[in-house]
Undergrad: 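Before anything else, here's the structure in question.
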Amino acid sequence: MTHHILNVNPQKGTIGHKIYSFLSLNSTNDVAAELARSDALHGTMVIAKIQTQGRGRGKNVWYSDWGGLYISIVLKPALSREQILPLSLVIANSVAKAIAAVTKIEIKTKWVNDLMIEQPLRKLGGILLETEGVSEPPDFFIAGIGINVNQTQFPTDEPITSLRLITQRKISRWQLVIIISQELEKDYQLFVKSNFLPFREEYKRRCLLLNRFISIIVGDNQYKGEVIDIDEKGRLVLLTSDKQIEKFAFGHILLEKDVP
Ligand code: BTN
């Protein structure tokens with residue numbers, strides 16, 4: 001797999017200080033994990049024009065043709081799996097800010113970490129935060145970011161879209177990489193110091209689930225109710241149909257109209 005090495009920030013150990021840029025690979029998350037295992041520093045990034053085995057959350061495939069932006073970042077915080085959970089909300093928020101800065105489009109998030117646009121509601125991107133092994137804290141985390149940038153068609157009729165389809169213009173993937181790296185560097189530093197609290201209000205403003213009726217699937221269980229809050233740990237707070245308050249750190253969301 002041939003690649004170039006680039007950077008968007010000269011300072012070692014910052015996000016984007018070293019970027020491995022590929023034409024095609026299996027999954028940027030897998031290549032970033034390989035690099036992390038062989039001692040790549042915190043902040044090392046992998047980007048690709050095509051992924052042959054792009055993954056989404058759960059067992060989903062992530063369509064990874066030409067035109068999309070596929071990024072993975074090696075993160076090496078001294079944080080446990082539990083402490084890191086809200087970081088995927090923070091990353092979704094940082095990426096939403098960066099896309100809005102480049103395109104002027106209002107980006108929403110669908111908890112946990114889907115990037116969405118409204119009217120009509122379509123998915124634009126997502127975050128996949130992964131780790132491996134059993135040690136606690138883990139040796140590294142990999143933050144995968146997928147954004148539909150310049151694609152004009154998708155091999156599915158799921159409700160997804162791209163920045164190009166919305167703006168009717170070609171968007172610079174490289175400009176997005178630069179702004180995303182800057183936003184993430186700033187937000188990551190603050191997260192390590194203060195966790196989710198400083199991001200909570202902004203996340204809530206962007207989150208399109210607040211005050212909506214949803215269904216959440218966690219393992220074999222399904223809960224229905226109204227989303228009344230995102231708490232200080234980034235958990236979704238649900239007022240269930242039988243008037244109980246339940247908090248979820250993860251789960252798969254169905255909006256009311258999709259609930260069977
Ligand atoms: C989701 O919404 O399900 C998360 C999608 C994450 C996709 C990105 S693309 C870059 C990185 N490499 C992968 O294989 N997946 C993530």
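Counting from 1, the numbers follow the sequence of the chain as shown. As the structure lists them, so they are numbered: ligands from 1, and atoms in each ligand from 1.
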Undergrad: Hey, does N60 sit under 4.0 Å from ligand 1 if you only count heavy atoms?
TA: no
Undergrad: For S64 and I50, indicate whether the former's side chain and the latter's backbone hold a donor-acceptor pair under 3.5 Å.
TA: no
Undergrad: What protein heavy atom is closest to atom 10 (C) of ligand 1, reported as residue, atom name and distance in Å?
TA: T28 OG1, 3.2 Å
Undergrad: For ligand 1, which atoms, with element, lie under 4.0 Å from some heavy atom of I127?
TA: 4 (C)
Undergrad: Judged on heavy-atom distance to atom 15 (N) of ligand 1, which of R57, K110, R55, Q53 sits nearest?
TA: R55
Undergrad: So if I count the atoms of ligand 1 from 1 in the order they appear, which ones are less than 4.0 Å from some heavy atom of G54?
TA: 14 (O)
Undergrad: If you look at every heavy atom in I228 and L210, which pair is closest and at what distance?
TA: C-CD2, 3.8 Å
Undergrad: For ligand 1, which is the ligand I care about here, please tell me if Y70 has any N or O atom under 3.5 Å from one of the ligand's N or O atoms.
TA: no
Undergrad: Which part of N113 is near ligand 1, with near meaning a heavy atom under 4.0 Å away: side chain, backbone, both or neither?
TA: neither
Undergrad: How far is atom 5 (C) of ligand 1 from its nearest protein heavy atom, and which residue and atom is that?
TA: W62 CE3, 3.5 Å
Undergrad: For S27, counting its heavy atoms only, list the atoms of ligand 1 lying under 4.0 Å from any of them.
TA: 12 (N), 13 (C), 14 (O)
Undergrad: Is a side-chain donor or acceptor of W111 paired with a backbone partner of L208 at a separation under 3.5 angstrom?
TA: no
Undergrad: Could you check whether D229 pairs with K204 (Lys NZ or Arg NE/NH1/NH2 to Asp/Glu carboxylate O, under 4.0 Å)?
TA: yes
Undergrad: Looking at S72, which atoms of ligand 1 are within less than 4.0 Å of one of its heavy atoms?
TA: 11 (C)
Undergrad: Under a 4.5 Å cut-off applied to non-hydrogen side-chain atoms, are V227 and N211 in contact?
TA: no
Undergrad: Using side chain to side chain contact (heavy atoms under 4.5 Å, CB included) as the criterion, point out the one residue from V177, I47, V46 that pairs with S21.
TA: I47
Undergrad: Should the proximity of I71 to ligand 1, defined as any heavy atom under 4.0 Å, be assigned to the side chain, the backbone, both, or neither?
TA: backbone
Undergrad: Quick check against the 3.5 Å criterion: does E118 have a side-chain atom that pairs as donor or acceptor with the backbone of K108?
TA: no
Undergrad: What residue and heavy atom of the protein are closest to atom 2 (O) of ligand 1, and at what distance?
TA: K123 NZ, 2.7 Å
Undergrad: Got a second to check how far M45's CE is from N7's CG, nearest 0.5 Å?
TA: 10.5 Å
Undergrad: If hydrophobic clusters are built by linking Ile, Leu, Val, Met, Phe, Trp and Tyr wherever their side-chain heavy atoms come under 4.5 Å apart, do I142 and I73 end up in the same one?
TA: no
Undergrad: Would you mind telling me if ligand 1 is within reach of the side chain of D114, the backbone, both or neither, using heavy atoms under 4.0 Å?
TA: side chain
Undergrad: Return the residue, atom name and 0.1 Å-rounded distance of the protein heavy atom closest to atom 8 (C) of ligand 1.
TA: G146 N, 3.6 Å
Undergrad: So how far is it from I253 CD1 to L236 CG, rounded to the nearest 0.5 Å?
TA: 5.0 Å
Undergrad: Counting only heavy atoms, which portion of S64 has something under 4.0 Å from ligand 1: side chain, backbone, both, or neither?
TA: neither
